[in-house]
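Have a look at the structure below before the remarks.
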Amino acid sequence: MTGPPDVTVIVAVYNTMPYLTECLDSLVAQSIGLDRLEVIAVDDGSTDGSGPELDRFAARYPETVTVLHQANSGGPAAPSNRGLERATGLFVFFVGSDDRLGEEALERLVAYADEHGSDVVVGRAVGVNGRYVHQKLYEHNAPDISLYDSPLPFTLANTKLFRRALVEKYALRFPEDLPVGSDQPFTIEACVRARRISVLADYICYYAVKRGDASNITYRADHLSRLRCTARIMAHAAGLVEAGPNRDALLSRHFTWELSKLLLADFPALPAVTRKTLCDGIAELLDAYYSDALRDGTGVRRRVRFGLARQGAVEALSRAIADETRQGAPPFLLEGDRAFAAYPGFRDPAIGLDDRYYEVLGETVAGRLAAGTAFESADWEQHGEDLGLIVRVRLKVTGDTSSVAVALAQGAMPQSADRPGARRLPPGGPRPPSSGDVVVKAAEGGPGTVVLARLPVPAARAKKGVRVYLDVAGRTYEIPVRTEGRPMPLARRWGEAEPHRVAAWPNSKGRLVITTAPLMEREGWATRLWRVLGSERKRSG
């Protein structure tokens with residue numbers, strides 16, 4: 001090698017056998033070639049055979065692989081810094097010792113950085129063995145992105161290509177007293193300082209592996225340790241980016257992920273002193289960084305939890321989490337064009353949390369409406385030639401339910417509605433009126449509303465879905481009724497002058513559908529089929 005290598009790969013290693021072997025294999029097999037590559041692996045006091053395995057690779061590839069051994073430091077920051085001190089490449093790339101690279105990863109990343117003059121290049125990463133990797137950033141190649149108007153804040157791991165001149169110019173290093181998330185301050189500052197950040201999305205560069213025993217450091221930290229580390233990271237970011245929209249865009253990730261994960265289903269079971277300490281710490285971060293714009297841009301579920309923590313309402317917060325874990329989200333209280341999620345503490349003067357925390361603020365609530373809509377029963381009702389389906393549905397809403405309508409809708413729901421199970425209709429779009437009589441009343445035995453609708457059956461060949469329409473926070477939502485395995489009324493013959501067969505049944509997605517067809521047409525089709533089958537039997541006989 002006549003000049004510096006194109007890229008130095010730094011591997012911090014602590015007890016990652018047998019994953020380490022696959023990681024190292026993926027490095028020495030890189031298409032960029034051994035002559036353009038430098039690997040510096042730092043053994044942080046491993047006790048599982050990782051050290052000898054590193055030495056084996058160093059002996060086999062002495063011109064490429066350098067191994068440093070040191071006493072255990074307690075995290076990846078110190079070995080990563082030691083690797084940086086020895087790096088000579090034009091670029092540096094950090095890889096977890098339980099992860100691996102795509103064969104052409106480094107060649108493609110370096111070429112992309114050279115082509116676009118990039119200081120940071122983010123290669124597409126995917127999770128292995130159930131490891132979650134945020135994918136929004138990798139929708140397409142992007143030669144020049146911003147930290148503040150892209151999904152990059154949700155992809156802050158250091159597993160990226162960094163121009164080493166940038167790293168050394170700003171003396172970027174990993175905080176060694178941060179047991180969790182020590183890569184975030186490094187990555188955030190590199191992205192703030194970079195002249196250009198690029199995304200290479202058309203090739204899988206990085207495979208992030210979740211170990212079989214979930215012993216990755218990310219999965220081992222306790223609540224208070226994660227809170228302390230998140231506070232340090234947010235303070236570092238705030239020192240680089242002044243208050244305003246850019247800082248909000250960056251710190252949104254920490255409210256959405258790190259802090260929200262401290263207030264999940266396991267929170268109520270924590271010791272009382274731990275819960276109090278968490279609430280106090282979260283309150284400090286909310287006071288320092290939670291702007292009105294961030295608050296209003298946070299979904300109501302997270303916003304309420306943050307608000308209760310900020311008020312020190314530990315028991316109400318525990319109850320809100322436990323109730324939602326056990327029985328789902330609470331009902332929405334509808335008040336004209338406003339809607340509120342009636343979590344514990346709502347309008348409780350002893351807690352004093354502003355209504356704004358509980359209000360639905362332009363967010364999509366289709367999934368919660370779908371999950372809270374429960375089919376209870378269906379039956380036929382006939383008066384002379386007039387046949388109707390009586391449907392009883394329970395909705396998780398209270399208050400002003402005057403907008404509720406139930407209709408028979410033609411055509412399938414769009415695919416965009418499949419995941420949440422419902423959809424928000426476009427603004428200004430037509431709002432279907434009820435297909436028949438609708439009675440709305442308060443539910444018995446719990447909060448919510450019962451809707452009783454009589455839907456007239458069309459006297460024609462048709463297939464229509466039963467759907468509920470409801471206004472929430474000034475927007476109309478369409479909710480298909482799921483049968484949830486409950487009994488359906490038997491199909492029946494209907495009509496004298498023009499006999500029809502009508503059936504109510506769940507379609508392939510479990511949604512309630514009514515089908516009607518002229519009975520003579522169906523009998524004619526069945527007769528023809530019977531004749532064909534009879535002819536086949538005669539020929540085979």
Side-chain angles (χ1 to χ4, degrees), residues 1 3-12 27 30 32 36-40 42 66 76-96 101 105-125 137 141-176 178 181-201 205-206 232-233 235-242 246-247 249-250 253:
M1 186 183 300
D6 283 344
V7 58
T8 297
V9 177
I10 297 173
V11 193
L27 298 182
Q30 284 294 297
I32 198 170
R36 298 173 59 192
L37 172 65
E38 176 182 57
V39 177
I40 300 177
V42 183
T66 299
S80 296
N81 286 338
R82 192 169 180 196
L84 274 176
E85 292 166 3
R86 295 285 295 269
T88 63
L90 299 176
F91 296 92
V92 292
F93 189 95
F94 299 90
V95 60
L101 300 186
L106 297 178
E107 182 179 19
R108 287 173 178 254
L109 289 166
V110 169
Y112 205 68
D114 287 341
E115 178 184 359
H116 299 291
S118 314
D119 284 336
V120 179
V121 182
V122 189
R124 182 182 172 195
L137 186 64
N141 286 353
D144 191 3
I145 67 165
S146 166
L147 177 63
Y148 311 113
D149 61 4
S150 75
L152 182 55
F154 290 85
T155 310
L156 292 180
N158 65 339
T159 51
K160 300 169 174 58
L161 188 77
F162 300 92
R163 190 176 295 276
R164 195 166 67 86
L166 173 81
V167 173
E168 297 308 325
K169 178 179 179 180
Y170 294 102
L172 303 183
R173 293 296 186 268
F174 299 87
E176 297 185 14
L178 206 60
S182 61
D183 54 348
Q184 283 199 37
F186 180 97
T187 304
I188 290 170
E189 185 161 0
C191 291
V192 170
R193 307 289 192 190
R195 295 167 302 170
R196 174 167 289 185
I197 307 168
S198 302
V199 176
L200 180 66
C205 296
Y206 198 93
R232 284 276 305 280
I233 293 166
H236 183 79
L240 295 168
V241 184
E242 65 181 14
N246 285 351
R247 183 194 286 182
L250 177 55
R253 172 244 167 82

Tell me, yes or no, whether the heavy-atom count around Glu242 atom CD, taken from other residues, nucleotides or ligands under 6.0 Å, exceeds 12. no

Gap separating the CG atom of Leu161 from the CG atom of Leu109, nearest 0.5 angstrom: 5.5 Å

For the OH atom of Tyr112 and the SG atom of Cys205, what is their distance to the nearest 0.5 Å? 11.0 Å

Determine yes or no for a side-chain-to-main-chain donor-acceptor pair under 3.5 angstrom, with Asn141 supplying the side chain and Ala201 the backbone. yes

If you look at every heavy atom in Ser150 and Leu137, which pair is closest and at what distance? OG-CD1, 4.4 Å

Determine whether a donor-acceptor pair (N or O, by modelled atom type, separation under 3.5 Å) exists between the side chain of Asn81 and the backbone of Phe174. yes

Check: Arg196 side chain, His116 main-chain N or O, donor-acceptor pair, under 3.5 Å: yes

Is there side-chain contact between Leu37 and Glu107, with at least one heavy-atom pair below 4.5 Å? no

Contact summary for Ala113 and Val121, nearest pair of heavy atoms: CB-CG2, 3.6 Å

Once rounded to the nearest 0.5 Å, what's the spacing between atom OG1 of Thr8 and atom CZ of Phe162? 13.5 Å

side-chain contact (heavy atoms from CB on, under 4.5 Å), that's the test. Do Phe94 and Leu84 meet it? Break it down for me. CA-CA 10 Å; Phe94 299 90; Leu84 274 176; 3.9 Å; yes

Taking atom types as modelled, find out whether Glu38 and Thr66 have a side-chain donor-acceptor pair closer than 3.5 angstrom. no

Taking side chain as C-beta onward, heavy atoms only, is Ile197 less than 4.5 Å from Asp119? no

Residues Leu250 and Ala237: closest non-hydrogen pair is CD2-CB, 3.7 Å

Would you say that Pro5 contacts Arg36 through its side chain, given a criterion of any heavy-atom pair below 4.5 Å between the two side chains? no

Heavy atoms of Ala238 and Arg247 approach each other most closely as O-NH2, 3.1 Å

Would you say that Val95 contacts Tyr206 through its side chain, given a criterion of any heavy-atom pair below 4.5 Å between the two side chains? yes

If every non-hydrogen atom of Ile10 is compared with every non-hydrogen atom of Gly83, which pair is closest and at what distance? CD1-C, 3.6 Å

Side chains of Leu152 and Val122: closer than 4.5 Å at any heavy-atom pair? yes

Pro175 to Ser182 - nearest heavy-atom pair and separation: CD-O, 3.4 Å

Is the backbone of Val120 close enough, under 3.5 Å, to the side chain of Ser118 for a donor and an acceptor to pair up by distance? no

Pairwise side-chain contact, Leu27 with Phe93, heavy-atom cut-off 4.5 Å (strictly under): no

If you define the side chain from C-beta out and look only at heavy atoms, does anything of Leu90 sit under 4.5 Å from Val7? no

Short side-chain to backbone donor-acceptor contact, Arg253 and Pro153, under 3.5 Å: yes

Rounded to the nearest 0.5 Å, the CD atom of Gln184 sits from the CG atom of Leu156 at a distance of 5.0 Å

From Leu240 atom CG to Leu147 atom CG, the distance as rounded to the nearest 0.5 Å: 10.0 Å

Begin with the C-alpha distance, continue with both residues' side-chain angles, and end with the deciding distance and a verdict on side-chain contact (heavy atoms from CB on, under 4.5 Å) for Tyr148 and Val241. CA-CA 10 Å; Tyr148 311 113; Val241 184; 3.5 Å; yes

Quick check against the 3.5 Å criterion: does Gln30 have a side-chain atom that pairs as donor or acceptor with the backbone of Leu106? yes

Check: Pro143 main-chain N/O paired with Ser198 side-chain donor or acceptor under 3.5 Å: yes

From Ile32 atom CD1 to Arg108 atom CZ, the distance as rounded to the nearest 0.5 Å: 12.5 Å

Glu168 and Arg163: CA distance, side-chain angles, deciding distance, salt bridge (Lys or Arg N to Asp or Glu O under 4.0 Å) verdict: CA-CA 9 Å; Glu168 297 308 325; Arg163 190 176 295 276; over 6 Å; no

Do the non-hydrogen side-chain atoms of Lys160 and Thr155 ever get within less than 4.5 Å of each other? yes

Please lay out, stage by stage, how Phe186 and Tyr170 fare under the test ring pair (Phe, Tyr, Trp, His ring centres under 6.0 Å). CA-CA 10 Å; Phe186 180 97; Tyr170 294 102; over 10 Å; no

